[in-house]
4 protein chains.
Amino acid sequence: MPAQEPPADPAPRPPRTGGRTRSQEARSAVLAAAVELLEEIGYQAVTIERIAARAGVAKSTIYRWWKSKAALVLDAYRETVEQRMPDPDTGSTAEDLTVFVAALHSVTERPLRARALRGLMAEAQLDPDFAEPFGAWVQSRRAVVLRVLARGVDRGELPRATDLEALTDQLFGLFWYRLLVGHLPLDPARAPQLVAQLLNSAH
Amino acid sequence: MPAQEPPADPAPRPPRTGGRTRSQEARSAVLAAAVELLEEIGYQAVTIERIAARAGVAKSTIYRWWKSKAALVLDAYRETVEQRMPDPDTGSTAEDLTVFVAALHSVTERPLRARALRGLMAEAQLDPDFAEPFGAWVQSRRAVVLRVLARGVDRGELPRATDLEALTDQLFGLFWYRLLVGHLPLDPARAPQLVAQLLNSAH
Amino acid sequence: MPAQEPPADPAPRPPRTGGRTRSQEARSAVLAAAVELLEEIGYQAVTIERIAARAGVAKSTIYRWWKSKAALVLDAYRETVEQRMPDPDTGSTAEDLTVFVAALHSVTERPLRARALRGLMAEAQLDPDFAEPFGAWVQSRRAVVLRVLARGVDRGELPRATDLEALTDQLFGLFWYRLLVGHLPLDPARAPQLVAQLLNSAH
Amino acid sequence: MPAQEPPADPAPRPPRTGGRTRSQEARSAVLAAAVELLEEIGYQAVTIERIAARAGVAKSTIYRWWKSKAALVLDAYRETVEQRMPDPDTGSTAEDLTVFVAALHSVTERPLRARALRGLMAEAQLDPDFAEPFGAWVQSRRAVVLRVLARGVDRGELPRATDLEALTDQLFGLFWYRLLVGHLPLDPARAPQLVAQLLNSAH
DNA sequence: CTTTAACCGAGACGGTACGTCTGGTCTTAAT
DNA sequence: ATTAAGACCAGACGTACCGTCTCGGTTAAAG
């Protein structure tokens, strides 16, 4: 995950001739409050009202900068919660993937973080406006895996004809399916087997 | 998917000491209204209030028989929307799976049905009470695939050591991931390739 | 002031086949809270939010039965604050009017009541929806004076040609003008002089 | 109404050592916008925010020079709306009053002006800070009538003992009462009768 | 002819209340 | 006993203005 822009309007701010500058304190307080509440009461019990109260910030300030609770939480998640996901390049596709999958599956060791992730995915289903930024975030994660696989193809570890998109979606699909349905655990220790299975399917 | 009981008590109503009997009309009207609304305005815009109004039924009647909107919609989905999913047994694992995957992916050709599915998955994340019946429904679908794979092992088409659970979750994981994120299509015509890839991964 | 209907829809409630009946406790609690707040913090600081909180009642319950703060306060004023205004019939027009005017002007001895009256008049200027019920209440007060004057005409104490409407508005006009502008006191003791002056103007 | 100073502090600003002078354009734009909005959407829908937007002026500029919407509107009213009220001195008390009353009542022929007047009176009830300048303006109008009456006493047209204040308040009271309650019209043509009735009451 | 204080626009800030909405519960009258 | 009707409490929603507070920039009188 690269360094994140401020939530709204990064560059295309047109005239800017005057006006009070945005309060970084308010922004930080909101994001911090969102994370705190997320960990205390869970995604779905979080409300904008509660975030505002906790952050000591007016509701209107939140609405000025974020479209929805989900957008805010996604921001907060990226900025303060998400451990920097690995972007490995060890020379071995299997090893690269194993590192990534292990990191991915280790989220389940942090139940509240897992809950937040599930909440974000849910919100993306219910709120079309949020589906967009959420999709962008998902793509940024897929891109990491796609790069690993592309290098594998270049090195000849994978056949030229491999459907890298499908392979990537297999990787994330299993993760999300188990995360969302919760019928079976996601053990980081089993990452090597999973990766082997995945690479098998490509030749 | 076997025929589903009505959510509560259809037949096993022993202690009939008197009183008005349950109105089957009310039940049908509610389910019908739920389906109609689902197709007209989408899962998330459906509310119990609206269903009650459309069905000409009191809110309390709905709450008496269903725990939540999601439980109701799941019922309605099973009863009136879901085309009977295939439970193939052709003698070939690949063919069995292809039939199933093609049927699965063809949901995307019915956008409103897809939307309902996504809504149900979302709801299961947000409402722990709904996660339970939803999970049971998911298991009933997984069971079909697991049976196909078990027969494949019996016939020697798959190695004894194959992790059938993982294979099953690969199959559903890809489906759900693309359904939920929407970044790539799910084409029933590509079911054969997908199944080949899947079976490859097991050697 | 005659006994007052419940604030909304007295008769034209059509079918009424079932449903929870209106909670008299809620209604009383709301009116009581309104009066209390009126006396504690003044008309304009009273808000529906505060009334709801004080009464232990949901906001929606208030909005169900009253259109606005002003409508509610008018109701509360009529029911629990307004001392029954006299409707005198002593046989003497001068005496009748004196009784009425003294009662009217004595409101200024209760500053919070006076404040409420001023608030109601103000609201009637700003909220056209409230102007209607407020106007009706004003008319009910004017009617008392008009009856007194009509009897005076019948008895021959006032000329047939007297403009009773104008006389009535003189009486109330002076009261409201001083109440609203506050430049001069309204002394009940001076009621006789005022009435004399008023009756003088008619011959 | 004499020409009006800039709303606040004309003289008593001592330590002017430098600084940009007040923009007359901004002041005019604000007053003009206030009047326009007053006529377009009515007193109560006018907000400082809207005035600022319409005038192309910052909110803070308005708050720098006026305490409240009401203060601003009173200013605007005096400066651009109020037709110069007559200050007659014909030698006859009855005629002087008739001129004045006719002018007063003719406001009702300009509904938006009437609406503004009512809004100002309302605001004076709700905002104690505004009650002060509003009261001053009311006094300036009363003073005109008081002078007319005082001349009448000097000429012997009115008894020495006449309560001029009460007579004045009768005159304005009737006007405001009908303006505010709106139950009966105010016809300038009936000014002579009204004045006769008024003078009668003093003997 | 340079300070410098007061002005200007823009617009973000913390607040408050609004009136609406949905959820889930409870009560009543009718069947 | 169960229904339809519908009132009830609870509380979040997103909006509108409020009045205050930076900002960066302008303007004219005082030195």
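Just so you know, these numbers use all the heavy atoms, side chains as well, and skip hydrogens, waters and symmetry mates.
At E:dC13, one or more side-chain N or O atoms of A:R64 fall inside 4.0 Å of OP1 or OP2 (strictly under the cut-off). Within the structure, a side-chain polar atom (N or O) of B:R50 is placed less than 4.0 Å from OP1 or OP2 of E:dT22.
With a 6.0 Å cutoff to the six-membered ring centre and a 45° limit on the axis angle, D:K69 counts as a cation-pi contact of D:Y43. Figure legend: cation-pi geometry between A:R22 and A:W65, with NZ or CZ positioned under 6.0 Å from the six-membered ring centre and within 45° of its axis.
Here E:dC13 is the nucleotide among E:dC13, F:dC8, E:dC7 with the atom lying nearest to any side-chain atom of A:T61. Comparing E:dG9, E:dC13, F:dA12 against the side chain of A:W65 picks out E:dC13 as the nearest. Nearest to the side-chain atoms of A:R22 among the listed nucleotides F:dC8, F:dC17, E:dC13 stands E:dC13. Comparing atom distances between the D:T21 side chain and each of E:dT25, F:dA28, E:dT22 picks out F:dA28 as nearest. In this structure, of E:dG23, E:dC18, F:dG14, it is E:dG23 that holds the atom nearest to the side chain of B:I48. Checked against E:dC8, F:dA10, E:dC26, the side chain of C:A58 finds its nearest nucleotide in F:dA10. Closest contact between the side chain of A:T47 and the listed nucleotides E:dT22, F:dC8, F:dA12 involves F:dA12.
Side chain B:K59 to base E:dG24: a donor-acceptor pair is found below 3.5 Å. A donor-acceptor contact under 3.5 Å links the side chain of A:S60 to the base of E:dG15.
Taking the nucleotide of DNA chain E with the nearest heavy atom to each of D:V57 and C:S68, the more 5' of the two is matched to D:V57. Between C:G56 and B:G56, the residue whose closest nucleotide on DNA chain F is further toward the 5' end is B:G56.
E:dG19 atom P lies 10 Å from atom NZ of C:K69, rounded to whole Å. Computed from coordinates, the B:W66 CH2 to E:dG24 P distance equals 15 Å when rounded to whole Å. Here F:dC21 presents its P atom at 16 Å from CD of A:E25, a figure rounded to the nearest Å. One atom, OH of B:Y63, and another, C1' of F:dC8, lie 14 Å apart when rounded to the nearest Å. One interatomic measurement links the two molecules: CD1 of D:I62 to P of E:dG9, which rounds to 9 Å at whole-angstrom precision. In this structure, A:I51 atom CD1 and F:dG14 atom P are separated by 11 Å, rounded to whole Å. Following rounding to the nearest Å, C:L37 (CG) and E:dA17 (P) show an atom-to-atom distance of 11 Å. Atom CD in D:E49 sits roughly 15 Å away from atom P in E:dG9 (whole-Å rounding).
Separating the CZ atom in B:R50 from the NZ atom in B:K59 is a distance of 13.0 Å, to the nearest 0.5 Å. One finds the CD atom of D:E123 at 10.5 Å from the CZ atom of D:F134 (value rounded to the nearest 0.5 Å).
Note on A:R27 versus A:E79: salt bridge recorded, some NZ/NE/NH1/NH2 to OD/OE distance being below 4.0 Å.
D:S28 places a side-chain N or O within 3.5 Å of a backbone atom of D:Q24 that can act as its donor or acceptor partner.
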